[in-house]
Amino acid sequence: MKVDKQHRESLFKIIRGAGKMMMDSYHAKHIIYKKRDRTLVTEVDRNVDKRICDGLQKLFPKIPVLSEERKDLRERLKGECVWILDPLDGTLDFIDKTREFSVMLGLVVENEPIFGIVYLPVTRELFWSHRREGSFICIDGREESIRVSSRNINHARLLVSRSHLGQLESRLARKYFGKSIEMGSSGVKMVRIAQGKAEAYINSSDKSSEWDTCGATVILQEAGGNISDMDGNIIRYNGIDSRHRHGYVATNGVCHNDILEAIRSNK
């Protein structure tokens, strides 16, 4: 399957519209709920989810959606295609007004992401990629290709979570990286690596899910980067279990194997 230009532009419009919904209520006082897994969700997450899913249903009525904010309908496992959506990646950052949150949408075909969008509502940066077509940033009507940096681990900038920093990540940051930068939203982190503004992000948690990486995966890969689980295995999508049980590592590719070795040596 291929997402043609007409459908791509329609998707961009839907995603930008969802981002505007976020910004229209950004400075308001939000109703905050706690989900069963104890993570937070707001009414904005749910409203954005509805807007995007309604748009996807009209454009691609036969393709199911796996979304963070919806019940997982296992019918998705019967087909070869599925949309994977995080309507508001970085809910805590949205609540805390750090400016670092995103909309993430990926299309998976036969367990592999082949198209992805990550949109940053605050800066209006829209990143997208289609398998074998490169990676791009669109802002204010301009589109440019993006590429990862060529820095090795000795000069790599490590992105670390502002609110979910694990002990392993802290240990690796002190031992191997000259510079670490706090940043919210996994989507924001991964596109910054794809842009060449950082080199690595490590998430050792077993609680992240497919929607936390899917939209950004093809963008990172097509920009020359790499993503795997903590053991170096390829991450497959649209599985029965949507969790990343073995964490994940996103890099510029150059330092990927060195970081995996560092992880093995420090577990």
Side-chain angles (χ1 to χ4, degrees), residues 1-24 44-70 73 75-89 101-147 185 187-188 190-191 194-195 210-225 227 237-238:
M1 178 177 175
K2 181 177 174 61
V3 180
D4 60 32
K5 185 176 180 180
Q6 181 178 351
H7 283 102
R8 189 171 71 228
E9 292 298 329
S10 296
L11 288 169
F12 291 171
K13 185 176 181 179
I14 292 168
I15 297 298
R16 287 189 174 108
K20 185 177 184 303
M21 285 180 65
M22 293 182 194
M23 296 311 299
D24 286 347
V44 178
D45 296 70
R46 293 171 176 172
N47 291 340
V48 169
D49 175 85
K50 184 177 187 309
R51 179 170 185 144
I52 296 174
C53 287
D54 286 351
L56 290 173
Q57 178 63 29
K58 289 178 181 178
L59 287 174
F60 304 94
K62 295 183 179 180
I63 302 180
V65 181
L66 172 63
S67 170
E68 180 177 14
E69 306 307 336
R70 298 202 166 205
L73 302 176
E75 288 295 313
R76 64 182 172 82
L77 300 172
K78 297 179 180 180
E80 65 173 17
C81 300
V82 63
W83 289 105
I84 299 183
L85 170 67
D86 193 336
L88 204 173
D89 182 54
F101 52 92
S102 64
V103 184
M104 300 177 67
L105 177 67
L107 177 63
V108 171
V109 178
E110 295 181 345
N111 306 111
E112 178 185 1
I114 62 103
F115 175 80
I117 302 172
V118 176
Y119 182 58
L120 283 52
V122 173
T123 58
R124 301 193 307 278
E125 295 169 283
L126 188 147
F127 297 83
W128 75 275
S129 181
H130 202 299
R131 183 68 68 208
R132 290 181 288 279
E133 292 186 12
S135 295
F136 305 89
I137 178 175
C138 305
I139 182 170
D140 297 331
R142 304 187 312 274
E143 181 173 282
E144 299 176 358
S145 62
I146 58 174
R147 193 73 185 169
S185 171
V188 176
M190 289 175 67
V191 296
Q195 272 186 297
E210 292 185 9
W211 47 76
D212 292 308
T213 59
C214 184
T217 287
V218 67
I219 296 170
L220 178 63
Q221 291 173 332
E222 285 293 306
I227 181 170
Y237 289 85
N238 197 28

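Each residue takes its place number in the sequence, starting with 1. Heavy atoms only: backbone and side chains are in, while hydrogens, waters and symmetry mates are out.
- A 6.0 Å sphere centred on CD of Glu75 holds no more than 12 heavy atoms belonging to other residues, nucleotides or ligands.
- Ion pairing between Lys20 and Asp24 holds under the 4.0 Å rule for side-chain N and carboxylate O.
- Checked by atom type, the side-chain pair Gln195/Arg147 shows no donor-acceptor distance below 3.5 Å.
- Nearest heavy-atom pair across Leu85 and Cys53 is CD2-SG, 3.8 Å.
- Counting only heavy atoms from C-beta outward, the side chains of Pro87 and Ser67 approach each other to under 4.5 Å.
- In this structure, the side chains of Val48 and Leu88 stay at 4.5 Å or more apart for every pair of heavy atoms.
- The residues Lys50 and Glu69 are annotated as not salt-bridged, no charged nitrogen and carboxylate oxygen being separated by less than 4.0 angstrom.
- Judged purely by distance below 3.5 Å, without hydrogens or angles, the side chains of Glu143 and Trp128 pair a donor atom with an acceptor atom.
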Full working for side-chain contact (heavy atoms from CB on, under 4.5 Å) between Leu126 and Ile139: CA-CA 6 Å; Leu126 188 147; Ile139 182 170; over 6 Å; no
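- The heavy-atom pair separating Asp89 from Asp212 by the smallest distance is OD1-OD1, 3.5 Å.
- In the displayed structure, Arg70 atom CZ is contacted under 6.0 Å by more than 12 heavy atoms of other residues, nucleotides or ligands.
- Between Leu120 and Phe101 there is no side-chain heavy-atom pair separated by less than 4.5 Å.
- To the nearest 0.5 Å, atoms CD1 (Ile137) and CD (Glu125) are separated by 4.0 Å.
- Taking every heavy atom of both residues into account, Val82 and Ile63 meet most closely at CA-CG2, 3.8 Å.
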Test side-chain contact (heavy atoms from CB on, under 4.5 Å) applied to Val122 and Met23, step by step: CA-CA 7 Å; Val122 173; Met23 296 311 299; 3.9 Å; yes
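- Heavy atoms only, all atoms of each residue included: Asn238 and Glu210 are closest at N-OE1, 2.9 Å.
- Put simply, CD on Gln57 and CH2 on Trp83 are 12.5 Å apart, with the number rounded to the nearest 0.5 Å.
- Taking both residues in full, the closest heavy atoms of Gly19 and Pro121 are given as O-CB, 3.8 Å, listed atom of the first, atom of the second, then distance.
- Leu11 is listed as a side-chain neighbour of Leu56, based on a closest heavy-atom distance under 4.5 Å.
- Once rounded to the nearest 0.5 Å, the distance linking CZ of Phe12 with SG of Cys138 reads 5.0 Å.
- In this structure, the side chains of Leu66 and Trp211 come closer than 4.5 Å at one or more pairs of heavy atoms.
- Put simply, OG on Ser10 and CD1 on Ile15 are 11.5 Å apart, with the number rounded to the nearest 0.5 Å.
- Under the 4.5 Å side-chain criterion, counting only non-hydrogen atoms from C-beta, Phe127 is not in contact with Phe136.
- Under the 4.5 Å side-chain criterion, counting only non-hydrogen atoms from C-beta, His130 is not in contact with Val218.
- How far CZ of Arg8 is from CG of Asp4: 8.0 Å, rounded to the nearest 0.5 Å.
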Residue pair Met104, Thr213: steps toward the side-chain contact (heavy atoms from CB on, under 4.5 Å) verdict: CA-CA 8 Å; Met104 300 177 67; Thr213 59; 5.5 Å; no
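- The only member of Asp86, Ile117, Ile52 that meets side chain to side chain contact (heavy atoms under 4.5 Å, CB included) when paired with Val103 is Ile52.
- The two residues Ser135 and Ser129 have their closest heavy-atom pair at OG-OG, 3.4 Å.
- Phe115 has its side chain out of reach of Val109: every pair of non-hydrogen atoms, C-beta onward, lies at least 4.5 Å apart.
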From CA spacing to verdict: side-chain contact (heavy atoms from CB on, under 4.5 Å), Val108, Ile114: CA-CA 6 Å; Val108 171; Ile114 62 103; over 6 Å; no
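- Distance check: Thr217 OG1 to Arg131 CZ gives 8.5 Å after rounding to the nearest 0.5 Å.
- With Leu220 as the partner, the side chain to side chain contact (heavy atoms under 4.5 Å, CB included) test is satisfied by one option alone out of Val118, Ile146, Ile227: Ile227.
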